[in-house]
Amino acid sequence: MTELESTRRALRDAVAQAERAGELARLLEDAQARLAEAESGTEELAALTARLAEAEELLEDEREAAARLRKELAEQRYQAEVAQWKLSSIKVARWNRLGDAIKSGKSNPVRLAKGLRSVSKAVKRPVAPKRRPVADKPQAERPGAAFQATASTRTVGGASFRLKPFRVPTGPNTRPHLTAAVIADPHAEALLRYEWRQTTGFTPRDFARVLPLEMPHLLVVESVTEGPWAEEIAGEPGEGLRALLAWCAEHGIRTVFWHTQGDPAEYAATAGLFEHRFSVESASGWPRLAYGVQPRVHNPLPLPGGRVDRVLTLEQLLPPHLSYPDVLTSYRWPAAVECPPGTPAWRMAEIAACGTSIGAEPDSRRAHAALRRAYASGTMTERVDELLERIGLPSARATLDVSVILPVTDRALAEHALAQVAKQSGIAQLILFGPPGLGERAEELVPGAEVVFREPHPAETVGATLNRGLDLCEADLVAVMDQRDVYGAHYLTDLRRAFLFCTADLVGKAAFYAHLSKPQATVLKQPGAEYTHTPEIAGATLLARRNPMRELGFPDLTDDWDQVLMRRCRADGVKVFSADRFGYVRVREEDPALLGSAQLVEYGSAEPHALI
């Protein structure tokens, strides 16, 4: 028994030792695995350390390159400021002012004496610029700066085109007294953002914190398909949307739902929670609020690089996944676009409003007519007027009514001159200088405008007459028309439109057609000067904001008064914008200076070319 017990004990010890050996083997294996993992981690760490060192070297190189670029930019800016300073110094130099005084007073000794006295007065010279470094930290992003075009390359038929993107303007807006909280996709946001002060980007989680920062007068919610509100709006209204509407009700904020896409039935439950409902489609049964062109972004302002000489299909023009700011760039770059049947009317209007020909061939006359129709079909400003009227909010905004100043010194041209004014629309006031009896005739021909008649003073210059008329103007805009020239029926409408998308105080035409009756020649002056800021425009096409024009005043001259006025604008930094070349014909017997600066169109009438 003793021997058997010893054997059993030996077996138990052997099993225990085997179990311990197995455990030790497992521990050893685990330790070896961890060691291998550690070695692998060490190698990965070494690789990451090497990559980090490489990245730090690249970053240092980039910093050095950025520092060089900042230094070069600072030097370029300084040289530009020096050039501007030299130009300003020349403008106020006594010899330059003496030349202006002699030219202005060459036919009037009294005016010459006044001019010479003003020349004798010392004028403060501009201060010379100093070199300034360019900051290495970017300035805070302006509101709306994120809403900018970014895709600068387009590919068509295997060819790649690099574009300079259209710069989407960031302000000002049409109704600065009104604030709207807006939930919209980028397209609708682009249409609405210039119509009021607009708050966007709030979510179901933070609206109660964001909106009180600038309390809105109304809430506008589009049938959005993306973003944090999409699931709240489609189908059964979400709790976040209900909370937002309850918050608006508590604060007396009007609520508007705007259906722009998708099945109206899918949004019926949500729309029922709002005070007011609108739809782009009349079939929905809700009041219609259609898309309109937005002049701030749908306009003929060209891309910096101009157009490419190609006709594109709509599919080539608008490849998938373009952001809406990039769409605005695409609208402007081809010579023409072929749009297939069924293209939405709003898409056609936006393309036309950007001055792009629609069709198989470029045609500037057809493109201008289409642009005019696009605006006539309704702008977003007019659509918002309708919305605000329906929901009971004031839609006060600046108008584009016009006071026309028309001097008539030749009775033989009186009927012709009044007929040119009678064609126009948007005239609130006609300031007329002419022979006795002309005022009554003007009231017959221009019944919709207030006619203010004055007789011209015999010794008065044209500039002095215009200044008298300027004092009588009451409309927001002031136009000057010439008794000799031809103005199309859409002349003022086309010219006023420029104030919807440019920030200039003076608008007119640097590019225009002229007819010289003696050689029977039609010429086109500066055809490349359309839709651009320019040093000068023709005085007979002047349309200006009234208050800035009163500050400038008209030069006391008969000849070349417009050239002296343009010099004043350049000296004072007043912006001047040249619109399209259509709707106006300068009529003269002969004009050698014009012949030297214009291209011959044909021997014959100018009206078939200029009037559309």
Side-chain angles (χ1 to χ4, degrees), residues 166-169 171-174 194 292-303 328 331-332 349-350 352-356 364-365 367-382 397-404 424-428 475-481 487-513 525-549 552 562 565-566 569 574-584 610-612:
F166 173 69
R167 181 70 182 172
V168 180
N173 57 54
T174 304
Y194 304 101
V293 295
Q294 173 51 260
R296 298 301 306 284
V297 295
H298 305 134
N299 57 60
L301 292 176
L303 294 180
L328 298 174
Y331 281 163
R332 290 169 162 80
E350 290 184 0
C354 292
T356 301
S364 58
R365 287 172 56 83
H368 184 73
L371 183 152
R372 186 184 290 156
R373 288 193 299 272
Y375 273 83
S377 67
T379 65
M380 207 60 210
T381 299
E382 294 164 337
R397 58 182 176 88
T399 69
L400 293 179
D401 290 340
V402 180
S403 292
V404 173
Q424 310 303 318
S425 60
I427 296 180
D476 291 339
L477 302 178
V478 175
V480 174
M481 295 178 69
Y487 298 84
H490 300 281
Y491 164 75
L492 270 183
T493 302
D494 287 347
L495 210 55
R496 289 160 60 202
R497 187 182 305 121
F499 284 104
L500 297 176
F501 54 79
C502 82
T503 56
D505 290 320
L506 275 69
V507 168
K509 295 180 185 289
F512 58 84
Y513 291 92
K525 183 176 182 181
Q526 298 188 85
E530 293 183 280
Y531 297 119
T532 183
H533 288 89
T534 182
E536 60 183 28
I537 54 174
T541 68
L542 175 67
L543 182 65
R545 300 185 193 274
R546 182 187 61 188
N547 291 337
M549 191 65 240
L552 281 168
D562 53 347
L565 175 62
M566 292 299 107
C569 291
V574 176
K575 290 183 179 180
V576 178
F577 184 81
S578 173
D580 59 89
R581 68 180 185 272
F582 300 108
Y584 165 76
L611 306 186
I612 302 174

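For reference, positions follow the sequence shown, starting with 1.
Qualifying side chain to side chain donor-acceptor pair (under 3.5 Å) partners for Thr356, counting only residues two or more places apart in sequence or in other chains: Arg307. The side chain to side chain donor-acceptor pair (under 3.5 Å) search around Gln424 returns none, not counting sequence neighbours.
Considering only heavy atoms from C-beta on, Phe582 comes within 4.5 Å of Ser364 through its side chain. The shortest distance between side-chain heavy atoms of Leu492 and Ser425 does not fall below 4.5 Å. Looking at Ile537 and Phe512, their side chains never come closer than 4.5 Å, going by heavy atoms from C-beta outward. At least one side-chain heavy atom of His533 sits under 4.5 Å from a side-chain heavy atom of Phe577. Two residues are said to be in side-chain contact when any heavy atoms from C-beta on lie closer than 4.5 Å; Asp580 and Leu371 fail this criterion. Side-chain contact between Asp562 and Leu542 is absent, with no heavy-atom pair separated by less than 4.5 Å. The shortest distance between side-chain heavy atoms of Thr503 and Lys575 falls below 4.5 Å. Using a 4.5 Å heavy-atom cutoff, the side chains of Tyr194 and Pro169 are in contact.
The heavy-atom pair separating Ala349 from Val293 by the smallest distance is O-CG1, 3.8 Å. Nearest heavy atoms, Cys569 versus Val576: CB-CG2, 4.0 Å. Contact record, Ala540 with Tyr487: O-OH, 2.8 Å, taken as the closest heavy-atom pair. The two residues Ala367 and Gly355 make their nearest non-hydrogen contact at CB-O, 4.0 Å. When every heavy atom of Val507 is checked against every heavy atom of Ala579, the shortest pair comes out as CG1-CB, 4.4 Å. The two residues Leu301 and Tyr531 have their closest heavy-atom pair at CD2-O, 4.2 Å.
A distance of 10.5 Å separates CG of Leu477 from CG of Leu506, quoted to the nearest 0.5 Å. Atoms CZ and CZ, from Arg365 and Arg581 in turn, are 9.0 Å apart once rounded to the nearest 0.5 Å. Atom CZ of Arg296 and atom CZ of Phe501 lie 11.0 Å apart (nearest 0.5 Å).
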- Item | Stepwise side-chain contact (heavy atoms from CB on, under 4.5 Å) check, Leu543 with Phe499 | CA-CA 10 Å; Leu543 182 65; Phe499 284 104; 3.7 Å; yes
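Here the side chain of Arg497 pairs no donor or acceptor atom with the backbone of Tyr375 at under 3.5 angstrom. Not one N or O on the side chain of Lys525 forms a donor-acceptor pair closer than 3.5 Å with the backbone of Ala510. Here the side chain of His298 pairs a donor or acceptor atom with the backbone of Gln294 at under 3.5 angstrom. Ser578 places no side-chain N or O within donor-acceptor distance of the main-chain N or O of Thr534, the cut-off being under 3.5 Å. In this structure, the side chain of Asp476 engages the main chain of Thr399 through a donor-acceptor pair within 3.5 Å. Without hydrogens or angle criteria, Arg332 side chain to Asn299 main chain gives a donor-acceptor distance under 3.5 Å. Formation of a donor-acceptor pair under 3.5 Å by the Ser377 side chain with backbone atoms of Ala374 is found in this model.
The salt bridge (Lys or Arg N to Asp or Glu O under 4.0 Å) analysis of residues 532-548, with sequence neighbours excluded, yields the pairs Asp505-Arg545.
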